[in-house]
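Chain letters run A, B, ... following the sequence lines, proteins first, then strands; residues in each count from 1.
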2 protein chains.
Amino acid sequence: MGLSNISDLRKKEIVEAFYKTAIKEGLESTSIAKIAKSLDIPPSLIVHYYKSKDELVNALINHCLELYLKIFEKTYDSAIDSSQMLPSLINRMFSKDWNDLFDDGVYYSAYAMVFREPKFREKFSKIHKILRLKLSELLKECNETGMIKCINPDQTANQIFFLLDGTYFYINMLETYKEQNEHLESSKKLAYSILGL
Amino acid sequence: MGLSNISDLRKKEIVEAFYKTAIKEGLESTSIAKIAKSLDIPPSLIVHYYKSKDELVNALINHCLELYLKIFEKTYDSAIDSSQMLPSLINRMFSKDWNDLFDDGVYYSAYAMVFREPKFREKFSKIHKILRLKLSELLKECNETGMIKCINPDQTANQIFFLLDGTYFYINMLETYKEQNEHLESSKKLAYSILGL
DNA sequence: TTAATAGTTGAATGAGTATTCAATTAATTG
DNA sequence: CAATTAATTGAATACTCATTCAACTATTAA
């Protein structure tokens, strides 16, 4: 993480202010002026660092996807020993308080842009393919230790993520924590069943 | 379907123009002026029928959700006989050309509003709960005919939809039709397996 | 036919938008 | 210290936004 000069620091600061404002106001209705106000700087300074709004949105999407990836990587690293890794990962993936680390409102707004901007589509697919690859590799390792018997690790990794994404997609519509938790538990069980754990 | 007077016709016309414009330009960047232009009417006429932008967005979300629900209901009705209903439904749910009936870009943009507008959250959850209920009832019927042995139809219906939503969420990021189809096929198989078919 | 209502128009309002630019201050380098 | 570069400012640009309003034209009812 270089961020040596002021320029890079400012750029990061601006993107983070964008992210925070977008959480409150919504991604599409967050203007350069609003970001500037939250940082108490003139709007022209933001334009100085990001030549256009498009460039700024681009930087935000990068920021979001990196954040998303980091949360996953952190989950991987936190496992005590390798044999505990898979169940530990599944448990954390299907738990609401883990999901709360990231703002879904901004995430889905950014995702919606995938349908009109091919470059965003590529970014999103890249990150999600990386995540699937990581899980797939973990499954292969667990296969070798005899923990699981997974015939097609790539396919299974995909299935687990389908289940994960679909579950969060639904529970975000639900009001009570109780309801959300019940569905997460149900999906977690199904995930275990798919893995043969 | 009343739509007796001109007022109701105009209102529907406006919402549909909103939807079509949103497909091309994106939901959040579709203004009243743009909708008006596409209909070749002055913006003030739109405001006359929908007192505010918020009311207009509300009407669009209703329109989208009704459209979504209708697609499902049509799929239900199209089954030749009741014994064919379940496999026929699953096949159509997990096929891309069926999904293409509805614009996902607009759908996810609307979904993103769920995080800031409780009234939209309620609308979305209502529709999705109806869909799950319908599938659950179908599973119960299939249980009675002995077609399947589903211990918890409500939970199973949820799981099928988790898988469905998660699969579409992912394949929308993918470029090639081939890739998309492979994942849909894989998920369809898992759905069959979950149902014990 | 007259009166009342509903549909439609175009112009105007004020606030907010992204972006440009010249001027000014701060930091860095020779 | 002097010269150069980078960071910052504030004002101004042209444009789009949602919304208002008075005037106008159909349509309908009495």
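Screening residues 37-59 of chain A for salt bridge (Lys or Arg N to Asp or Glu O under 4.0 Å), with sequence neighbours left out, gives Asp54(A)-Lys119(A). Residue pairs that meet the side-chain hydrogen bond (donor to acceptor under 3.5 Å, both in side chains) test with at least one member in residues 187-197 of chain A, sequence neighbours left out, are Asn91(A)-Tyr192(A), Thr167(A)-Ser187(A), Glu185(A)-Lys188(A).
For the pair His48(B) NE2 and dA18(D) P, the computed distance is 18 Å after rounding to whole Å. Rounding to whole angstrom units, CG of residue Asp8(B) and C1' of dA6(C) are separated by 13 Å. Atom CG of Leu45(B) and atom C1' of dA18(D) are 15 Å apart (whole Å). Between the CD1 atom of Ile14(A) and the C1' atom of dT8(D) there is a distance of 11 Å, given to the nearest Å. One atom, CG of Leu9(B), and another, C1' of dT8(C), lie 16 Å apart when rounded to the nearest Å. The interatomic distance linking Leu39(A) (CG) with dT8(D) (P) rounds to 11 Å, in whole Å. If you take NZ of Lys37(A) and C1' of dG10(D), they are 16 Å apart, rounded to a whole angstrom.
Partners of Asp104(A) according to the salt bridge (Lys or Arg N to Asp or Glu O under 4.0 Å) rule, which considers only residues two or more places apart in sequence or in another chain, do not exist here. Applying the side chain to side chain donor-acceptor pair (under 3.5 Å) rule to Thr30(B) yields no partners; only residues at least two apart in sequence or on another chain are considered. With sequence neighbours excluded, the residues forming a salt bridge (Lys or Arg N to Asp or Glu O under 4.0 Å) with Lys178(B) are Glu182(B), listed by chain and number.
Considering only side-chain N and O atoms, Arg10(B) lies nowhere under 4.0 angstrom from the phosphate OP1 or OP2 of dA6(C).
Residues Phe161(A) and His128(A) place their aromatic rings such that the two centres sit no closer than 6.0 Å.
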Report, as a single string ordered 5' to 3', how protein heavy atoms within less than 4.0 Å touch nucleotides 12-30 of chain C: B base, S sugar-phosphate only, - not at all. -----SSBBB---------
